[in-house]
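Report on the following structure.
Order of appearance sets the numbers: ligands from 1, and atoms from 1 within every ligand. Just so it is clear, the structure is predicted and the values come from calculations on it, not from any experiment.
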Amino acid sequence: MSSELLKGKTAIVTGGGTLFGTAVAKTLIADGAKVMIVEINSESGAAAAKACGPDAIFFHGDITDDAAISTMIEAAMSAWGRIDILVNLACSYDDAGADSTRAQWTNTLNVNISSAAMLGAAVRPHMKKQGGGSIINLTSISSSVAQTGRWIYPVSKAALVQLTRNMAMDYAGDKIRVNSVSPGWTWSAIMDMLSKGDRKKTDRVAAPFHLTGRVGDPEEVANVISFLASDKASVVTGADWAADGGYSAMGPEQATPAIPLLEA
Ligand SMILES: NC(=O)c1ccc[n+]([C@@H]2O[C@H](COP(=O)([O-])OP(=O)(O)OC[C@H]3O[C@@H](n4cnc5c(N)ncnc54)[C@H](O)[C@@H]3O)[C@@H](O)[C@H]2O)c1
């Protein structure tokens, strides 16, 4: 479905070479934006930009490299003359839970948190000059629950929820809104790989902890991102938006009546 929600706007989407990131880029384009896909994987990034069509450009770079960030911003400005939207989507899942090494902590936090802050700082002067902008950070339901064997990734996402508030506070004077979107289980490269492409099985496994009884589609999460990026969300900043099929609304009793068990 296409709209004119983002007509005339331009967006940078990090991690755009993955199934999820490409769906976000395609949705922003369908809503009228021009998109720069930023990706460390040159093959998937170039393929994603091709699949997105003429309104997409590809920047091959590493978001943990400040020089690459500067070149990326210069490339976006020389292509479009403005940057309206930044979607911090790229992430690292490298996490060995309690056995994580210092290097794993440093690298994963660097990709998932520090880079989002550095990218925000890099787009800020341009957004300020043009009268505002919108930044969306991809967080996760993992930011507020404990999951077995995972330490660094959930900590990074919790920190990103807080960073979203900090950015929103200090960028508000420049008319830059900053929000985060927390997906639940979403059909993505990792789900595709782990289930060997079996969407039905993935939905079955996800059903007990999502009120919707299935994983989300990346396009469904992308629609929330598109709204937050648009002027329709002009009153929304500093907020974490659940796009999780009701995962975070459900308690430990899940969706089955527990009290009757007392009488059984
Ligand atoms: N998949 C899910 O179910 C799910 C659930 C909740 C939140 N999320 C969030 O959604 C986002 C996308 O998740 P995904 O599962 O599609 O992840 P993914 O691992 O498939 O994709 C991440 C992309 O980022 C790129 N990337 C990694 N490091 C980079 C770097 N240094 N510079 C540039 N690009 C880099 C990777 O090459 C990859 O294409 C992430 O922020 C993730 O935390 C995903």
Less than 3.5 Å apart, any donor N or O on the side chain of Asp31 or Ser230 sitting next to an acceptor on the other? no
Ser92-Asp94 side chain donor-acceptor pair, cut-off 3.5 Å: no
If you count only heavy atoms, which residues are under 4.0 Å from ligand 1? Gly15, Thr18, Phe20, Glu39, Ile40, Gly61, Asp62, Ile63, Leu89, Ala90, Cys91, Tyr93, Val111, Leu138, Thr139, Ser140, Tyr153, Lys157, Pro183, Gly184, Trp185, Thr186, Ser188, Ala189, Met191
Pair up each side-chain donor or acceptor in residues 151-160 with any protein partner under 3.5 Å, not counting sequence neighbours, and list the distances.
unit_1 : atom_1 : unit_2 : atom_2 : d
Ser156 : OG     : Asn112 : ND2    : 3.0
Ser156 : OG     : Tyr153 : O      : 2.6
Lys157 : NZ     : Leu138 : O      : 2.7

How would you list, by chain and number, every residue that makes a salt bridge (Lys or Arg N to Asp or Glu O under 4.0 Å) with Lys34, sequence neighbours excluded? Asp55
Any idea how Phe227 and Trp241 line up, ring-wise: parallel (<30°), tilted (30 to 60°), or perpendicular (>60°)? tilted
Taking side-chain hydrogen bond (donor to acceptor under 3.5 Å, both in side chains) as the cut-off, I'd like each qualifying pair that reaches into residues 125-136, sequence neighbours left out, listed once. Asp84-Gln130
